[in-house]
Amino acid sequence: MKILTIVGARPQFIKAATVSRIIRANPEVTEILLHTGQHYDQNMSEVFFRELNIPEPHFNLGVGSGSHAGQTGNMLIGIEEILIQQKPDITLVYGDTNSTLAGALASTKLHIPVAHVEAGLRSFNRAMPEEINRIVTDRISDMLFAPTHTAVENLTHEGLANVACFTGDVMYDSVLFYEARIQKDPEKYKTDGLPANYLLATIHRAENTDNPENLQNIFRAFSKLNLPVVLPIHPRTRKILNDLIKLPRNVYIINPVGYLQMMKLIMDAAKVLTDSGGLQKEAYFLNKQCITLRTETEWVETLHDHWNIIAGSDPESIEKAANSPLPVASRHAGFGDGASAEKILEKLISF
Ligand code: UD1
Ligand code: UDP
(Lines give C-alpha, C1' and ligand atoms only; values in the text may rest on other atoms or scores of the structure.)
(Ligands and ions follow the chains in the order given, each with its own letter.)
Protein backbone atom coordinates (compact mmCIF):
# COMPACT_ATOMS: atom_id res chain seq x y z
CA MET A 1 0.00 0.00 0.00
CA LYS A 2 1.22 3.49 -0.84
CA ILE A 3 0.34 6.40 1.44
CA LEU A 4 1.09 9.98 0.46
CA THR A 5 1.47 12.11 3.59
CA ILE A 6 1.10 15.87 3.32
CA VAL A 7 2.63 18.19 5.90
CA GLY A 8 3.60 21.85 5.85
CA ALA A 9 3.44 23.50 9.26
CA ARG A 10 5.20 22.92 12.61
CA PRO A 11 2.46 20.97 14.42
CA GLN A 12 2.07 18.68 11.39
CA PHE A 13 5.72 17.64 11.47
CA ILE A 14 5.25 16.67 15.12
CA LYS A 15 2.03 14.71 14.50
CA ALA A 16 3.34 13.02 11.34
CA ALA A 17 6.60 11.99 13.08
CA THR A 18 4.72 9.56 15.31
CA VAL A 19 2.51 8.05 12.61
CA SER A 20 5.39 7.90 10.14
CA ARG A 21 7.51 5.95 12.64
CA ILE A 22 4.77 3.32 12.87
CA ILE A 23 4.25 3.25 9.09
CA ARG A 24 7.97 2.73 8.47
CA ALA A 25 7.95 -0.29 10.79
CA ASN A 26 5.47 -2.03 8.45
CA PRO A 27 7.18 -3.44 5.34
CA GLU A 28 3.88 -3.67 3.46
CA VAL A 29 3.36 0.07 3.46
CA THR A 30 5.31 2.74 1.58
CA GLU A 31 5.05 6.35 2.65
CA ILE A 32 5.74 9.23 0.29
CA LEU A 33 6.24 12.49 2.17
CA LEU A 34 5.21 15.80 0.66
CA HIS A 35 6.15 19.07 2.41
CA THR A 36 4.20 22.04 1.08
CA GLY A 37 6.79 24.51 2.40
CA GLN A 38 4.20 26.50 4.37
CA HIS A 39 6.76 26.71 7.19
CA TYR A 40 10.34 27.04 6.02
CA ASP A 41 12.58 28.67 8.67
CA GLN A 42 15.15 26.23 9.99
CA ASN A 43 13.62 26.41 13.48
CA MET A 44 10.04 26.01 12.18
CA SER A 45 10.69 23.04 9.90
CA GLU A 46 14.08 21.35 9.49
CA VAL A 47 14.75 21.07 13.23
CA PHE A 48 11.74 18.74 13.60
CA PHE A 49 12.76 16.45 10.73
CA ARG A 50 16.23 16.06 12.21
CA GLU A 51 15.25 15.74 15.86
CA LEU A 52 12.19 13.53 15.38
CA ASN A 53 13.88 11.34 12.80
CA ILE A 54 11.40 12.11 10.03
CA PRO A 55 12.78 11.07 6.64
CA GLU A 56 13.73 13.82 4.20
CA PRO A 57 10.53 14.74 2.28
CA HIS A 58 10.38 13.24 -1.22
CA PHE A 59 8.89 16.54 -2.41
CA ASN A 60 8.99 20.09 -1.10
CA LEU A 61 6.72 22.52 -2.93
CA GLY A 62 8.36 25.54 -1.30
CA VAL A 63 5.13 27.57 -1.41
CA GLY A 64 6.21 29.80 1.49
CA SER A 65 4.01 32.50 3.00
CA GLY A 66 1.15 34.38 1.38
CA SER A 67 -2.52 35.25 1.56
CA HIS A 68 -4.89 32.39 2.31
CA ALA A 69 -6.00 32.05 -1.31
CA GLY A 70 -2.52 32.58 -2.76
CA GLN A 71 -0.88 30.08 -0.43
CA THR A 72 -3.65 27.46 -0.70
CA GLY A 73 -3.90 27.90 -4.48
CA ASN A 74 -0.18 27.34 -4.99
CA MET A 75 -0.35 24.25 -2.82
CA LEU A 76 -3.31 22.86 -4.81
CA ILE A 77 -1.42 23.19 -8.08
CA GLY A 78 1.75 21.56 -6.72
CA ILE A 79 0.00 18.78 -4.81
CA GLU A 80 -2.17 17.83 -7.79
CA GLU A 81 0.88 17.32 -9.99
CA ILE A 82 2.54 15.05 -7.45
CA LEU A 83 -0.63 13.04 -6.80
CA ILE A 84 -1.03 12.41 -10.53
CA GLN A 85 2.58 11.32 -10.76
CA GLN A 86 2.64 9.18 -7.59
CA LYS A 87 -0.87 7.64 -7.70
CA PRO A 88 -1.05 6.83 -3.97
CA ASP A 89 -3.75 4.55 -2.56
CA ILE A 90 -4.52 7.07 0.19
CA THR A 91 -3.60 10.66 1.03
CA LEU A 92 -2.98 11.38 4.71
CA VAL A 93 -3.48 14.91 6.05
CA TYR A 94 -3.11 16.34 9.57
CA GLY A 95 -4.78 19.05 11.61
CA ASP A 96 -6.28 22.23 10.27
CA THR A 97 -3.81 24.35 8.33
CA ASN A 98 -3.95 25.56 4.75
CA SER A 99 -1.70 22.57 3.89
CA THR A 100 -4.40 20.23 5.29
CA LEU A 101 -7.15 21.82 3.21
CA ALA A 102 -5.11 21.90 0.00
CA GLY A 103 -4.05 18.27 0.42
CA ALA A 104 -7.59 17.02 1.02
CA LEU A 105 -9.11 19.07 -1.80
CA ALA A 106 -6.51 18.20 -4.46
CA SER A 107 -6.71 14.52 -3.55
CA THR A 108 -10.46 14.06 -3.40
CA LYS A 109 -10.90 15.76 -6.79
CA LEU A 110 -8.59 13.11 -8.26
CA HIS A 111 -10.71 10.40 -6.55
CA ILE A 112 -7.84 9.46 -4.26
CA PRO A 113 -9.26 8.67 -0.79
CA VAL A 114 -8.30 11.09 1.98
CA ALA A 115 -7.67 10.22 5.62
CA HIS A 116 -7.72 13.07 8.15
CA VAL A 117 -5.81 12.79 11.40
CA GLU A 118 -7.19 15.07 14.16
CA ALA A 119 -10.64 15.17 12.60
CA GLY A 120 -13.78 16.53 14.27
CA LEU A 121 -12.25 19.39 16.26
CA ARG A 122 -14.53 22.40 16.35
CA SER A 123 -14.27 25.81 17.99
CA PHE A 124 -17.63 26.88 16.49
CA ASN A 125 -15.89 30.14 15.60
CA ARG A 126 -15.91 30.60 11.85
CA ALA A 127 -13.68 33.67 12.08
CA MET A 128 -10.79 31.24 12.64
CA PRO A 129 -9.18 30.16 9.37
CA GLU A 130 -8.50 26.78 11.00
CA GLU A 131 -12.24 26.20 11.60
CA ILE A 132 -12.97 26.58 7.88
CA ASN A 133 -10.07 24.27 7.01
CA ARG A 134 -11.35 21.62 9.44
CA ILE A 135 -14.99 21.73 8.35
CA VAL A 136 -14.12 21.44 4.66
CA THR A 137 -11.44 18.78 5.18
CA ASP A 138 -13.75 16.61 7.29
CA ARG A 139 -16.60 16.96 4.82
CA ILE A 140 -14.53 15.74 1.85
CA SER A 141 -12.42 13.07 3.58
CA ASP A 142 -13.08 9.33 3.45
CA MET A 143 -11.64 8.43 6.86
CA LEU A 144 -11.86 10.67 9.90
CA PHE A 145 -9.53 9.83 12.78
CA ALA A 146 -10.91 11.58 15.86
CA PRO A 147 -8.56 12.26 18.79
CA THR A 148 -11.32 12.67 21.40
CA HIS A 149 -14.89 11.50 21.96
CA THR A 150 -16.05 15.11 21.67
CA ALA A 151 -14.58 15.15 18.17
CA VAL A 152 -16.57 11.98 17.34
CA GLU A 153 -19.74 13.70 18.62
CA ASN A 154 -19.06 16.77 16.49
CA LEU A 155 -18.67 14.59 13.41
CA THR A 156 -21.83 12.67 14.29
CA HIS A 157 -23.80 15.95 14.50
CA GLU A 158 -22.53 16.81 11.04
CA GLY A 159 -23.73 13.47 9.62
CA LEU A 160 -20.21 12.04 9.32
CA ALA A 161 -20.43 9.19 11.86
CA ASN A 162 -20.14 6.57 9.10
CA VAL A 163 -16.58 7.67 8.23
CA ALA A 164 -15.45 8.69 11.74
CA CYS A 165 -13.61 6.63 14.31
CA PHE A 166 -12.03 7.35 17.68
CA THR A 167 -8.30 6.63 17.58
CA GLY A 168 -7.03 8.85 20.40
CA ASP A 169 -4.58 11.68 19.92
CA VAL A 170 -1.23 11.13 18.19
CA MET A 171 0.14 14.09 20.18
CA TYR A 172 -0.50 12.07 23.35
CA ASP A 173 1.47 9.16 21.85
CA SER A 174 4.21 11.62 21.08
CA VAL A 175 4.40 13.14 24.57
CA LEU A 176 4.61 9.67 26.16
CA PHE A 177 7.33 8.59 23.75
CA TYR A 178 9.55 11.68 24.06
CA GLU A 179 8.91 12.37 27.76
CA ALA A 180 10.68 9.09 28.52
CA ARG A 181 13.62 10.14 26.36
CA ILE A 182 13.90 13.55 28.06
CA GLN A 183 13.75 12.02 31.51
CA LYS A 184 16.79 9.89 30.68
CA ASP A 185 18.92 12.97 30.01
CA PRO A 186 17.06 16.09 31.17
CA GLU A 187 20.09 18.41 31.10
CA LYS A 188 20.53 17.83 27.37
CA TYR A 189 17.18 19.44 26.58
CA LYS A 190 17.32 22.33 29.03
CA THR A 191 17.35 25.87 27.66
CA ASP A 192 20.30 27.87 28.99
CA GLY A 193 20.03 31.29 30.54
CA LEU A 194 16.45 31.16 31.80
CA PRO A 195 15.18 31.95 35.29
CA ALA A 196 14.55 28.84 37.43
CA ASN A 197 10.91 29.63 38.05
CA TYR A 198 8.92 30.93 35.07
CA LEU A 199 5.68 30.89 33.12
CA LEU A 200 5.88 29.55 29.56
CA ALA A 201 3.94 31.42 26.87
CA THR A 202 3.32 31.17 23.13
CA ILE A 203 1.22 33.44 20.89
CA HIS A 204 0.62 33.06 17.18
CA ARG A 205 -3.11 32.89 16.42
CA ALA A 206 -4.49 35.44 13.96
CA GLU A 207 -7.10 36.60 16.49
CA ASN A 208 -4.23 37.84 18.69
CA THR A 209 -1.46 38.72 16.24
CA ASP A 210 -3.75 40.56 13.82
CA ASN A 211 -5.59 42.45 16.55
CA PRO A 212 -3.33 45.11 18.13
CA GLU A 213 -5.68 45.61 21.07
CA ASN A 214 -5.66 41.91 21.98
CA LEU A 215 -1.89 41.69 21.66
CA GLN A 216 -1.32 44.80 23.77
CA ASN A 217 -3.71 43.48 26.41
CA ILE A 218 -1.88 40.17 26.58
CA PHE A 219 1.48 41.89 27.11
CA ARG A 220 -0.07 44.27 29.64
CA ALA A 221 -1.27 41.22 31.54
CA PHE A 222 2.17 39.58 31.30
CA SER A 223 3.79 42.71 32.78
CA LYS A 224 1.64 42.33 35.90
CA LEU A 225 2.47 38.67 36.57
CA ASN A 226 4.64 37.75 39.53
CA LEU A 227 6.93 35.45 37.55
CA PRO A 228 9.11 35.90 34.48
CA VAL A 229 7.40 34.89 31.23
CA VAL A 230 9.46 32.86 28.74
CA LEU A 231 8.13 33.30 25.19
CA PRO A 232 9.53 31.22 22.31
CA ILE A 233 8.32 33.50 19.60
CA HIS A 234 6.54 32.41 16.41
CA PRO A 235 7.87 34.34 13.36
CA ARG A 236 4.41 35.74 12.71
CA THR A 237 4.38 37.35 16.14
CA ARG A 238 8.00 38.51 15.95
CA LYS A 239 7.24 40.41 12.75
CA ILE A 240 4.64 42.65 14.37
CA LEU A 241 5.89 42.78 17.93
CA ASN A 242 8.57 45.42 17.59
CA ASP A 243 6.23 48.01 16.12
CA LEU A 244 3.41 47.45 18.54
CA ILE A 245 4.60 46.54 21.95
CA LYS A 246 6.92 47.93 24.57
CA LEU A 247 8.22 44.65 25.88
CA PRO A 248 7.67 44.25 29.65
CA ARG A 249 10.85 43.67 31.62
CA ASN A 250 9.70 40.26 32.89
CA VAL A 251 9.20 38.84 29.36
CA TYR A 252 12.07 36.74 27.96
CA ILE A 253 11.75 36.37 24.20
CA ILE A 254 13.60 33.39 22.73
CA ASN A 255 13.68 31.93 19.21
CA PRO A 256 11.36 29.02 18.44
CA VAL A 257 12.86 25.84 19.87
CA GLY A 258 12.85 22.18 18.83
CA TYR A 259 10.18 19.81 20.13
CA LEU A 260 12.23 18.11 22.86
CA GLN A 261 13.47 21.45 24.16
CA MET A 262 9.87 22.66 24.15
CA MET A 263 8.69 19.61 26.12
CA LYS A 264 11.40 20.34 28.69
CA LEU A 265 10.35 24.01 28.83
CA ILE A 266 6.80 22.85 29.62
CA MET A 267 7.98 20.33 32.23
CA ASP A 268 9.97 23.03 34.05
CA ALA A 269 7.35 25.80 33.84
CA ALA A 270 5.07 26.88 36.68
CA LYS A 271 2.16 27.28 34.24
CA VAL A 272 1.59 27.63 30.49
CA LEU A 273 -0.12 30.57 28.75
CA THR A 274 -0.94 30.00 25.10
CA ASP A 275 -3.24 30.36 22.12
CA SER A 276 -1.78 27.20 20.56
CA GLY A 277 -3.94 24.11 20.19
CA GLY A 278 -1.06 21.69 20.59
CA LEU A 279 0.41 23.37 23.62
CA GLN A 280 -2.89 23.30 25.55
CA LYS A 281 -2.84 19.52 25.29
CA GLU A 282 0.85 19.12 26.02
CA ALA A 283 0.45 21.17 29.19
CA TYR A 284 -2.40 18.85 30.18
CA PHE A 285 -0.46 15.67 29.39
CA LEU A 286 2.51 16.97 31.40
CA ASN A 287 0.42 18.00 34.44
CA LYS A 288 0.75 21.74 33.95
CA GLN A 289 -2.11 24.17 34.28
CA CYS A 290 -2.81 26.04 31.04
CA ILE A 291 -4.25 29.52 30.59
CA THR A 292 -5.70 29.75 27.12
CA LEU A 293 -5.32 33.13 25.45
CA ARG A 294 -8.42 32.60 23.31
CA THR A 295 -12.14 32.87 23.95
CA GLU A 296 -12.84 29.19 23.31
CA THR A 297 -11.07 25.86 22.94
CA GLU A 298 -11.56 22.78 20.80
CA TRP A 299 -9.92 20.70 23.52
CA VAL A 300 -12.79 20.85 26.02
CA GLU A 301 -11.54 17.71 27.80
CA THR A 302 -8.72 19.82 29.27
CA LEU A 303 -11.10 22.25 30.99
CA HIS A 304 -12.17 20.12 33.95
CA ASP A 305 -10.97 21.04 37.44
CA HIS A 306 -9.29 24.21 36.07
CA TRP A 307 -6.50 22.35 34.27
CA ASN A 308 -7.19 24.73 31.40
CA ILE A 309 -8.67 28.20 32.01
CA ILE A 310 -10.09 30.21 29.13
CA ALA A 311 -8.89 33.78 29.64
CA GLY A 312 -8.95 35.30 26.14
CA SER A 313 -6.89 38.47 25.97
CA ASP A 314 -8.52 40.14 28.96
CA PRO A 315 -5.74 41.32 31.34
CA GLU A 316 -7.81 40.77 34.48
CA SER A 317 -8.80 37.22 33.51
CA ILE A 318 -5.22 36.36 32.58
CA GLU A 319 -3.85 37.76 35.83
CA LYS A 320 -6.51 36.03 37.90
CA ALA A 321 -5.86 32.69 36.18
CA ALA A 322 -2.09 33.03 36.53
CA ASN A 323 -2.45 33.67 40.27
CA SER A 324 -5.08 30.99 40.85
CA PRO A 325 -4.20 27.85 42.85
CA LEU A 326 -2.94 24.84 40.96
CA PRO A 327 -5.46 22.04 40.30
CA VAL A 328 -5.41 19.25 42.87
CA ALA A 329 -7.69 16.76 41.10
CA SER A 330 -6.02 14.26 38.87
CA ARG A 331 -6.38 14.38 35.12
CA HIS A 332 -8.97 12.36 33.24
CA ALA A 333 -8.26 10.06 30.34
CA GLY A 334 -9.85 10.88 26.99
CA PHE A 335 -7.00 11.14 24.50
CA GLY A 336 -6.54 7.42 23.92
CA ASP A 337 -4.02 4.96 25.27
CA GLY A 338 -0.83 6.26 23.66
CA ALA A 339 -1.15 3.89 20.68
CA SER A 340 -3.23 6.10 18.38
CA ALA A 341 -0.75 5.85 15.52
CA GLU A 342 -0.98 2.05 15.53
CA LYS A 343 -4.80 2.28 15.36
CA ILE A 344 -4.57 4.76 12.50
CA LEU A 345 -2.31 2.45 10.49
CA GLU A 346 -4.60 -0.51 11.13
CA LYS A 347 -7.59 1.46 9.82
CA LEU A 348 -5.66 2.66 6.79
CA ILE A 349 -4.68 -0.90 5.91
CA SER A 350 -8.19 -2.28 6.38
CA PHE A 351 -9.63 0.58 4.28
C1 UD1 B 1 -0.21 28.24 10.57
C2 UD1 B 1 -1.62 27.66 10.60
C3 UD1 B 1 -2.12 27.56 12.03
C4 UD1 B 1 -1.13 26.80 12.91
C5 UD1 B 1 0.26 27.39 12.76
C6 UD1 B 1 1.25 26.54 13.50
C7 UD1 B 1 -3.00 28.25 8.64
C8 UD1 B 1 -4.10 29.11 8.16
N9 UD1 B 1 -2.54 28.53 9.88
O10 UD1 B 1 -0.29 29.55 11.10
O11 UD1 B 1 -3.35 26.87 12.05
O12 UD1 B 1 -1.55 26.89 14.25
O13 UD1 B 1 0.63 27.42 11.38
O14 UD1 B 1 2.41 27.24 13.81
O15 UD1 B 1 -2.58 27.36 7.97
N16 UD1 B 1 6.64 32.80 8.82
C17 UD1 B 1 8.00 32.88 8.76
N18 UD1 B 1 8.71 31.71 8.66
C19 UD1 B 1 8.13 30.49 8.58
C20 UD1 B 1 6.73 30.43 8.64
C21 UD1 B 1 6.00 31.59 8.75
O22 UD1 B 1 8.59 33.97 8.83
O23 UD1 B 1 8.84 29.47 8.51
C24 UD1 B 1 5.86 34.06 9.00
C25 UD1 B 1 5.48 34.73 7.66
O26 UD1 B 1 5.54 36.12 7.84
C27 UD1 B 1 4.05 34.31 7.47
C28 UD1 B 1 3.54 34.23 8.90
O29 UD1 B 1 4.65 33.77 9.67
O30 UD1 B 1 3.32 35.20 6.69
C31 UD1 B 1 2.36 33.30 9.08
O32 UD1 B 1 2.67 31.99 8.58
P33 UD1 B 1 1.50 31.03 8.04
O34 UD1 B 1 2.05 29.71 7.72
O35 UD1 B 1 0.70 31.72 6.98
O36 UD1 B 1 0.53 30.93 9.27
P37 UD1 B 1 0.84 30.61 10.79
O38 UD1 B 1 0.49 31.80 11.59
O39 UD1 B 1 2.19 30.04 10.93
N1 UDP C 1 6.49 23.97 19.61
C2 UDP C 1 7.86 23.75 19.47
N3 UDP C 1 8.68 24.83 19.59
C4 UDP C 1 8.24 26.09 19.84
C5 UDP C 1 6.85 26.29 19.99
C6 UDP C 1 5.99 25.20 19.86
O7 UDP C 1 8.30 22.62 19.26
O8 UDP C 1 9.05 27.01 19.93
C9 UDP C 1 5.59 22.81 19.47
C10 UDP C 1 4.60 22.63 20.59
O11 UDP C 1 5.19 21.96 21.67
C12 UDP C 1 3.52 21.82 19.91
C13 UDP C 1 3.51 22.40 18.51
O14 UDP C 1 4.77 23.03 18.34
O15 UDP C 1 3.88 20.45 19.81
C16 UDP C 1 2.40 23.39 18.42
O17 UDP C 1 2.53 24.12 17.29
P18 UDP C 1 1.88 25.57 17.12
O19 UDP C 1 1.63 26.19 18.45
O20 UDP C 1 2.72 26.27 16.15
O21 UDP C 1 0.51 25.22 16.37
P22 UDP C 1 -0.94 24.77 16.86
O23 UDP C 1 -0.83 23.59 17.74
O24 UDP C 1 -1.58 25.95 17.52
O25 UDP C 1 -1.65 24.48 15.58
Side-chain angles (χ1 to χ4, degrees), residues 7-18 35-48 51-52 62-72 74-75 93-103 118 121 123 127-134 136-137 147 169-175 178-179 182 189 191 200-210 230-241 253-267 269 272-286 288 290 292-294 297-299:
V7 292
R10 174 166 68 188
Q12 294 167 331
F13 310 138
I14 293 162
K15 289 165 201 167
T18 296
H35 187 330
T36 63
Q38 177 168 353
H39 286 176
Y40 44 85
D41 289 349
Q42 189 276 339
N43 57 19
M44 294 295 288
S45 174
E46 198 229 312
V47 65
F48 300 101
E51 186 179 50
L52 307 181
V63 295
S65 306
S67 68
H68 282 280
Q71 190 180 52
T72 312
N74 286 333
M75 289 176 192
V93 297
Y94 290 86
D96 53 18
T97 73
N98 289 347
S99 299
T100 318
L101 173 65
E118 211 176 78
L121 274 294
S123 63
M128 283 179 80
E130 293 84 0
E131 185 76 351
I132 308 299
N133 292 343
R134 294 173 191 139
V136 178
T137 301
D169 189 353
V170 295
M171 288 187 78
Y172 182 50
D173 299 14
S174 175
V175 166
Y178 289 105
E179 187 187 15
I182 295 166
Y189 302 105
T191 305
L200 177 68
T202 73
I203 308 165
H204 75 278
R205 291 288 174 166
E207 70 203 67
N208 288 325
T209 56
D210 297 0
V230 173
L231 179 69
I233 197 160
H234 189 289
R236 177 187 192 120
T237 317
R238 186 184 281 282
K239 287 204 167 109
I240 51 166
L241 204 59
I253 300 261
I254 60 171
N255 285 326
V257 297
Y259 179 72
L260 292 159
Q261 207 180 329
M262 189 66 180
M263 291 301 99
K264 181 73 174 126
L265 279 171
I266 302 171
M267 289 159 138
V272 170
L273 299 105
T274 190
D275 58 10
S276 158
L279 208 58
Q280 288 176 59
K281 288 184 291 172
E282 286 161 349
Y284 187 72
F285 301 151
L286 293 166
K288 296 291 164 176
C290 182
T292 293
L293 307 171
R294 287 177 44 199
T297 181
E298 301 79 18
W299 302 104

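Residue numbers count from 1 along this sequence. First listed ligand is number 1; within each ligand, the first listed atom is number 1. Remember, it's a predicted structure, so these values are computed and weren't measured experimentally.
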Between the side chain of [X] and the main-chain N/O of [Y], is any donor-acceptor distance below 3.5 Å?
| X | Y | result |
| --- | --- | --- |
| Lys288 | Ala269 | yes |
| Thr137 | Arg134 | no |
| Asp275 | Arg205 | yes |
| Thr237 | Ile203 | yes |
| Gln38 | Ala9 | no |
| Asn208 | Leu293 | yes |

Go through the side-chain N and O atoms of [X] and [Y] and say whether any donor and acceptor fall under 3.5 Å apart.
| X | Y | value |
| --- | --- | --- |
| Ser65 | Tyr40 | yes |
| Thr274 | Thr202 | yes |
| Gln71 | Thr36 | no |

Q | From the candidates Arg205, Gln12, Lys239, Met128, the one that places a heavy atom nearest atom 22 (O) of ligand 1 | A |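 Nearest option to atom 22 (O) of ligand 1, by heavy atoms: Lys239.
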Q) Nearest heavy atom to atom 15 (O) of ligand 1: which of Ile240, Asn98, Asn133, Thr72 does it belong to? A)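 Closest candidate by heavy-atom distance is Asn98.
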Q) Just which atoms of ligand 1 are under 4.0 Å from any heavy atom in Glu130? A) 3 (C), 9 (N), 11 (O)
(Q) Show the atoms of ligand 1 that are less than 4.0 angstrom away from any heavy atom in Met44. (A)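 Those atoms are 23 (O).
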Quick test: of every protein heavy atom, which one is nearest to [atom], and how far off is it to 0.1 Å?
| atom | value |
| --- | --- |
| atom 4 (C) of ligand 1 | His204 NE2, 3.8 Å |
| atom 1 (C) of ligand 1 | Gln38 NE2, 3.7 Å |
| atom 17 (C) of ligand 1 | Tyr40 OH, 3.2 Å |
| atom 18 (N) of ligand 1 | Asp41 OD2, 3.0 Å |
| atom 30 (O) of ligand 1 | Ser65 CB, 3.4 Å |
| atom 35 (O) of ligand 1 | Gln71 NE2, 3.8 Å |

Are any of the N/O atoms in [X] less than 3.5 Å from those in ligand 1?
| X | result |
| --- | --- |
| Arg236 | yes |
| Thr97 | no |
| His39 | yes |

Q. Which heavy atom in His35 sits nearest to a heavy atom in Phe13, and how many Å separate them?
A.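 Here His35 and Phe13 meet closest at NE2-CZ, 3.4 Å.
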Q: Please work out whether the ring planes of His204 and His234 are parallel, tilted or perpendicular, with thresholds of 30° and 60°.
A: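 If you compare the ring of His204 with that of His234, the planes turn out parallel.
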Q) With hydrogens left out, which residues have an atom under 4.0 Å from ligand 2, given that only heavy atoms count? A)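 Contacting ligand 2 under 4.0 Å are Arg10, Pro11, Ile14, Phe48, Met171, His204, Arg205, Pro232, Pro256, Val257, Gly258, Tyr259, Met262, Met263, Ser276, Gly277, Gly278, Leu279, Glu282.
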Q) Is it the side chain, the backbone, both or neither of Pro11 that has a heavy atom closer than 4.0 Å to ligand 1? A)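 Side chain only.
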Q: Answer yes or no for His68: is there a heavy-atom contact with ligand 1 below 4.0 Å?
A: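 The answer is yes: ligand 1 sits under 4.0 Å from a heavy atom of His68.
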Q. Would you call Arg294 and Glu130 a salt bridge, using N to O less than 4.0 angstrom?
A. no
Q | Asp169 with Lys15: basic N within carboxylate O range, under 4.0 Å | A | no
